[in-house]
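Following: one structure in structure tokens, then a few remarks.
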Amino acid sequence: MVANEQEFVVTPWEVRGEIDYNKLIKEFGTELITNELLKRIEKHTGELHYLLRRKIFFSHRDLDWILDKYESGEKFFLYTGRGPSGHTHLGHLIPWIFTQHLQEKFDVELYFQMTDDEKFLHNPDMKLEESLKYTYENALDVLACGLSPSKTFIFSNIEFAKTLYRISLEIAKHVTFSTVKAVFGFENNTNIGMIFFPSMQAAPCFLPCILKGKNIPCLIPAAIDQDPYWRGIARFVAPKLGYYKPAQIHSKFLPGLGKGGKMSASEPETAIFTTDPPEVVERKIMNAFTGGRATIEEQRSKGGDPDICPIYQYYYFLFEPDDKKLMDIYMACKSGQLLCGEDKARLAIRVKEFLIEHQRKRKAAEKILDKVMLRD
Ligand code: TRP
């Protein structure tokens, strides 16, 4: 729970306001990814992924320890997940794109949890069948990011409950109500499913250890809002169960197309969904807030403000991985050469191209979906 004078809030269920990521690091007690650590990663991956170079993945816990283990011949596994409450938007893809990169470069397995139980319990209008439906729908987006079908295991909490429940029980026994109240802000009117749920999200940190009968280091790439699960539950319980504490690498949030705030499915006009048709993408981008001036004359003479502009942020987070080209856009905007209309039109073309390709891969993923789903 973080709220300050500027009123930003980052919890697993709510992300709001202008986020001060440095403050978040202090409050959560995580560590900044230093340049030394980046150099160490680069030794294994070759040229650094733009998400690391640009510090979009910016914070961690025990990443240096994961590399120690890896360098001494002990491979880790990756764990990440999705709460299937609706269609996937572009912001969701960022941790998955990075997870795919890590999987490829380190040649490791990925365990991917779909918390359809959580979305059912948390959203008053959500039906069980509906969140389960989104598990399968969203899994196509996950696979479309290029994950290895032979090294990726996706599971629905509802459907894989038999295996997960035993692990969750072991975890839950060590976690009191007062702990989850403090960590997640649960109150007396929180339903009891939600109170148990954190042990379901912590369970995959140890799942491969149980499946394979040995202790295996775990690395979780995820947006920073998920940190309370690891800090408050998984890392606390791990030593009590005889496992390594899971390590984390945390990302920032893709902003929405409106003024300030992260991309959120609850504001559909400022979020681009992977299933949006081209004309919808076009409309949303053309209607976006920008860092532009009131008139063309003013823009030409004073320049725009890319730092507050979601259009620029889209290039930064997803659509212009080339640093030099990104800088060109930045300078052209700041100098008044580039007008918002043109900037938006160019981005719309990029996003539409990206989505055509993504939708093609999504379709192709239908064939492998069954193979990667864990069931019990
Ligand atoms: N609770 C997450 C959400 O609502 C989904 C999730 C489960 C997850 N396990 C995870 C996210 C591990 C990141 C890492 O989106």
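Numbering of ligands and ligand atoms starts at 1, following listing order. Computed from a prediction, not measured in an experiment: that's the story for all the values here. Numbers here are sequence positions counted from 1.
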For this session: Report, in ascending order of atom number, the atoms of ligand 1 lying under 4.0 Å from any heavy atom of Lys119.
Result: 4 (O)
Problem set entry | Identity and distance of the protein heavy atom lying nearest atom 7 (C) of ligand 1 | Gln113 OE1, 3.2 Å
Exercise. Hey, does Gln201 come in under 3.5 Å of ligand 1, counting only N/O atoms on both sides?
Worked result: yes
Problem set entry | Side-chain donor-acceptor pair present, Tyr330, Asp307, cut-off under 3.5 Å | yes
Exercise. Quick one: is the NZ or CZ of Lys75 closer than 6.0 Å to the six-membered ring centre of Phe77, and within 45° of its axis?
Worked result: no
Exercise. If you measure from CG on Asn123 to OG on Ser266, what distance do you get to the nearest 0.5 Å?
Worked result: 10.5 Å
For this session: Using distance alone, decide if ligand 1 has a nitrogen or oxygen within less than 3.5 Å of any nitrogen or oxygen in Gly83.
Result: yes
Problem set entry | Side chain, backbone, both or neither: Trp230 near ligand 1, heavy atoms under 4.0 Å | side chain
Problem set entry | Distance-only polar pair, side chains of Trp230 and Gln201, donor-acceptor under 3.5 Å | no
Problem set entry | Donor-acceptor side-chain pairing of Tyr315 and Gln313 below 3.5 angstrom | no
Exercise. Tell me, do Phe253 and Asp225 make a side-chain contact under 4.5 Å, heavy atoms counted?
Worked result: yes
Exercise. To which protein heavy atom is atom 2 (C) of ligand 1 closest, and what is the distance rounded to 0.1 Å?
Worked result: Gln226 OE1, 3.2 Å
Problem set entry | For ligand 1, the portion of Thr80 having any non-hydrogen atom under 4.0 Å away | both
Exercise. Judging by distance only, is a nitrogen or oxygen of Arg82 under 3.5 angstrom from one on ligand 1?
Worked result: no
For this session: Would you check whether Glu118 has a nitrogen or oxygen atom less than 3.5 angstrom from a nitrogen or oxygen atom of ligand 1?
Result: yes
Seminar exercise, completed: heavy-atom search around atom 11 (C) of ligand 1 in the protein gives Gly81 O, 3.4 Å
Problem set entry | Sidechain N-carboxylate O distance under 4.0 Å for Glu71, Arg40 | yes
Exercise. Can you find a side-chain donor-acceptor pair between His92 and Asp141 that sits under 3.5 Å?
Worked result: no
Exercise. Taking both backbone and side-chain atoms of Tyr229, is any N or O found less than 3.5 Å from an N or O belonging to ligand 1?
Worked result: no
Exercise. By number and element, which atoms of ligand 1 are closer than 4.0 Å to a non-hydrogen atom of Ala222?
Worked result: 13 (C), 14 (C)
